[in-house]
Colleague: 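Before I ask anything, let me first share the structure, which is written out below as structure tokens.
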There are 2 protein chains.
Amino acid sequence: MSDSPIDDFIQTMGLMWSTEGGPRIAGQILGYLLIEGEPRTLAQMCEALQISKGSASTNARLLESKGVVRRVHPVGSRQDGFLAVPHPSHSLLKSVATRLRGQADEISVISARFPEEREDARERVGAFAEFYRQTADFMDAWTARIAPAQGETPGEED
Amino acid sequence: MSDSPIDDFIQTMGLMWSTEGGPRIAGQILGYLLIEGEPRTLAQMCEALQISKGSASTNARLLESKGVVRRVHPVGSRQDGFLAVPHPSHSLLKSVATRLRGQADEISVISARFPEEREDARERVGAFAEFYRQTADFMDAWTARIAPAQGETPGEED
DNA sequence: CAGTTCGTTCATTTCATATTGAACGAACTT
DNA sequence: AAGTTCGTTCAATATGAAATGAACGAACTG
């Protein structure tokens with residue numbers, strides 16, 4: 001089990017995802033859907049990845065919220081279908097950018113409270129935050145350049 | 001303990017770092033050094049952050065390998081000094097780019113082994129990897145643009 | 001309207017890894 | 001050269017998040 005290139009890829013996606021700090025199964029699901037190319041149900045994920053129904057649901061929804069996976073409702077079926085969006089990595093970068101911006105803001109707020117006599121520290125920390133912000137802007141510009149308004153509002157909530 | 005803005009910042013850096021999948025203490029050390037602005041010893045980190053000597057050593061070295069922290073040997077002191085580099089976030093992004101490229105390569109190798117009848121999958125996965133690679137290139141270009149050869153070879157090894 | 005089949009939730013368990021602290025070796029000091 | 005003072009390593013432990021699976025409600029089905 002797991003020495004086919006396909007399985008190997010799925011495993012690797014899981015490993016990569018967990019390296020980035022997320023749940024391994026989310027990466028595996030993304031890998032699976034990327035391979036399949038067509039909508040797959042939660043039950044199919046459970047079967048293919050040998051995971052519990054709860055994990056499939058939770059992690060598929062996580063991917064959905066990040067905009068890398070879309071949920072479809074095929075006519076004639078009660079099961080939800082999950083499908084990797086055309087360019088998952090774009091949405092991925094977008095959510096990274098969003099997180100970066102959030103962190104930058106958080107840091108800015110904190111550093112604004114630094115005492116007067118620590119102005120040097122405030123400056124260094126401020127520069128740190130600013131770079132994060134610029135990087136976020138930069139990433140957004142980058143993804144926009146590659147995928148000019150293709151997907152449309154992939155994920156609303158969080 | 002920990003409601004001064006300074007401490008708050010250090011805590012937040014730790015949280016941010018662990019969100020990214022790294023050890024919390026590494027983030028705290030970076031925050032601490034960023035605040036201080038001047039070289040600090042392992043002993044000082046232990047004292048300030050209330051951590052063990054082992055953690056201080058291990059995590060300082062981790063930061064060093066990522067190029068966000070530099071080790072100095074002040075004359076007249078046996079202790080090593082650790083100092084946040086001028087623009088830590090640049091080195092940070094650089095190491096992200098490197099990791100991205102590595103992952104892209106890994107995926108490419110695997111997808112090359114996909115069976116013939118799965119060429120559609122190979123194509124999707126290939127596009128995924130390619131985007132990763134491009135993003136890595138993009139990040140490198142971005143950091144190079146901001147900091148045009150300023151720091152000099154921050155981290156050799158890995 | 002009783003009986004299924006879904007997806008979601010949440011308390012519990014499992015699992016990974018961050019953190020510790022003692023032991024070690026190297027480089028100084030006198 | 002004996003005695004310190006460093007930084008590093010590594011086995012053991014602690015900690016936090018991921019994964020499970022049973023329970024629940026909603027939406028179909030006959």
Side-chain angles (χ1 to χ4, degrees), chain A residues 10-33 39-66 69-83 99 157-158, chain B residues 10-33 39-66 69-83 99 157-158:
Chain A
I10 291 175
Q11 301 279 29
T12 300
M13 286 292 289
L15 195 58
M16 277 176 45
W17 198 275
S18 72
T19 297
E20 305 295 334
R24 180 173 71 248
I25 289 185
Q28 293 181 348
I29 290 178
L30 176 57
Y32 173 65
L33 294 179
R40 290 293 178 254
T41 67
L42 291 178
Q44 286 174 316
M45 298 178 200
C46 294
E47 165 68 15
L49 305 176
Q50 296 284 47
I51 59 180
S52 72
K53 194 160 59 138
S55 283
S57 171
T58 300
N59 287 287
R61 216 140 43 73
L62 172 65
L63 292 172
E64 194 183 12
S65 81
K66 287 198 178 298
V69 153
R70 182 171 306 164
R71 190 190 299 238
V72 296
H73 298 278
V75 293
S77 170
R78 284 216 255 156
Q79 272 134 287
D80 293 357
F82 292 87
L83 177 69
R99 189 176 61 209
E157 77 303 327
D158 203 40
Chain B
I10 291 175
Q11 301 278 29
T12 300
M13 286 294 288
L15 196 57
M16 276 177 46
W17 198 274
S18 71
T19 297
E20 306 294 334
R24 180 173 71 249
I25 288 185
Q28 294 180 349
I29 290 178
L30 176 57
Y32 173 65
L33 295 180
R40 291 292 178 255
T41 68
L42 290 177
Q44 287 174 315
M45 298 178 199
C46 293
E47 164 68 13
L49 304 176
Q50 296 284 49
I51 58 180
S52 71
K53 195 162 58 140
S55 283
S57 171
T58 300
N59 287 289
R61 216 141 41 76
L62 171 65
L63 293 172
E64 194 184 12
S65 81
K66 287 197 177 300
V69 153
R70 181 172 307 164
R71 190 190 300 238
V72 296
H73 298 277
V75 293
S77 169
R78 283 217 255 153
Q79 272 135 285
D80 293 358
F82 292 87
L83 176 70
R99 189 176 61 210
E157 77 304 325
D158 201 40

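Numbered from 1 within each chain, the chains take letters A, B, ... in sequence-line order. The structure displayed is predicted, hence computed values, not measured ones.
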Colleague: Rounded to the Å, how far apart are B:Glu64 CD and D:dG7 P?
Modeller: 12 Å
Colleague: Residues two or more places apart in sequence or in another chain: which of them pass side-chain contact (heavy atoms from CB on, under 4.5 Å) with A:Arg99?
Modeller: A:Val96, A:Gln103, B:Thr19, B:Glu20
Colleague: Does D:dA19 have OP1 or OP2 under 4.0 Å away from a side-chain N or O of A:Ser55?
Modeller: no
Colleague: Can you check the B:Phe82 CZ to D:dG7 P distance for me, whole Å?
Modeller: 7 Å
Colleague: Please report the distance, rounded to the nearest Å, between CD in B:Gln50 and P in C:dT19.
Modeller: 15 Å
Colleague: Got a second to check how far A:Thr41's OG1 is from A:Arg78's CZ, nearest 0.5 Å?
Modeller: 13.5 Å
Colleague: Reading nucleotides 25-30 of chain D 5' to 3', which nucleotides get B (base under 4.0 Å from a protein heavy atom), which S (sugar-phosphate only), which -?
Modeller: --BB--
Colleague: Rounding to an integer number of Å, can you tell me how far B:Met45 CE sits from D:dG7 C1'?
Modeller: 12 Å
Colleague: Just compare C:dT19, C:dG7, D:dC6 and give me whichever is closest to any side-chain atom of B:Ile25.
Modeller: C:dT19
Colleague: Please list, chain by chain and in numerical order, all residues satisfying side-chain contact (heavy atoms from CB on, under 4.5 Å) with B:Pro23, sequence neighbours excluded.
Modeller: B:Trp17, B:Ala26, B:Asn59, B:Leu62
Colleague: Taking the nucleotide of DNA chain D with the closest heavy atom to each, which residue, B:Lys53 or A:Ala56, is nearer the 5' end?
Modeller: B:Lys53
Colleague: When the distance from CD of B:Gln79 to P of D:dT5 is rounded to whole Å, what number comes out?
Modeller: 11 Å
Colleague: Among the candidates C:dT19, C:dG7, D:dT20, find the nucleotide nearest to the side-chain atoms of B:Arg24.
Modeller: C:dT19
Colleague: Nearest of C:dG7, C:dT19, D:dT8 to any side-chain atom of B:Arg61?
Modeller: D:dT8
Colleague: When you measure from the side chain of B:Ile51, which nucleotide among D:dT8, D:dT9, C:dT20 comes out closest?
Modeller: C:dT20
Colleague: Would you say B:Ser57 reaches D:dG7's phosphate, i.e. side-chain N/O to OP1/OP2 under 4.0 Å?
Modeller: no
Colleague: What is the distance, rounded to the nearest whole Å, between atom NE2 of B:His73 and atom C1' of D:dC6?
Modeller: 12 Å
Colleague: Can you list the residues that meet the side-chain contact (heavy atoms from CB on, under 4.5 Å) rule with A:Glu47, with sequence neighbours excluded?
Modeller: none
Colleague: Rounded to the nearest angstrom, tell me the gap between atom CG in B:Leu62 and atom C1' in C:dT19.
Modeller: 14 Å
Colleague: Rounded to whole angstroms, how far apart are CD on A:Gln44 and C1' on C:dC6?
Modeller: 14 Å
Colleague: Calculate, to the nearest 0.5 Å, the distance between atoms CZ and CD belonging to B:Arg24 and B:Gln11 respectively.
Modeller: 8.5 Å
Colleague: In terms of the nearest nucleotide of DNA chain C, which residue is placed more toward the 5' end: B:Ala26 or A:Gly54?
Modeller: A:Gly54
Colleague: Please report the interatomic distance CZ(B:Phe82) to CD(B:Glu64), rounded to the nearest 0.5 Å.
Modeller: 6.0 Å
Colleague: Under 4.0 Å from any atom of DNA chain D, heavy atoms only: list the residues of residues 13-22 of chain B that qualify, in numerical order.
Modeller: none
Colleague: Assess whether side-chain contact (heavy atoms from CB on, under 4.5 Å) is satisfied between A:Met13 and A:Gln28, documenting all intermediate values.
Modeller: CA-CA 6 Å; A:Met13 286 292 289; A:Gln28 293 181 348; 6.0 Å; no
Colleague: Side-chain N or O of A:Arg71 less than 4.0 angstrom from OP1 or OP2 on C:dT8?
Modeller: yes
Colleague: To the nearest 0.5 Å, what is the distance between CZ (A:Arg71) and CG (A:Leu83)?
Modeller: 12.5 Å
Colleague: With a 4.5 Å cut-off on side-chain heavy atoms, are B:Gln79 and B:Leu42 touching?
Modeller: no
Colleague: Only counting residues at least two apart or in another chain, list the ones meeting side-chain hydrogen bond (donor to acceptor under 3.5 Å, both in side chains) with A:Ser55.
Modeller: A:Ser52
Colleague: Between D:dA19, C:dA18, D:dG7, which nucleotide gets closest to the side-chain atoms of B:Leu42?
Modeller: D:dG7
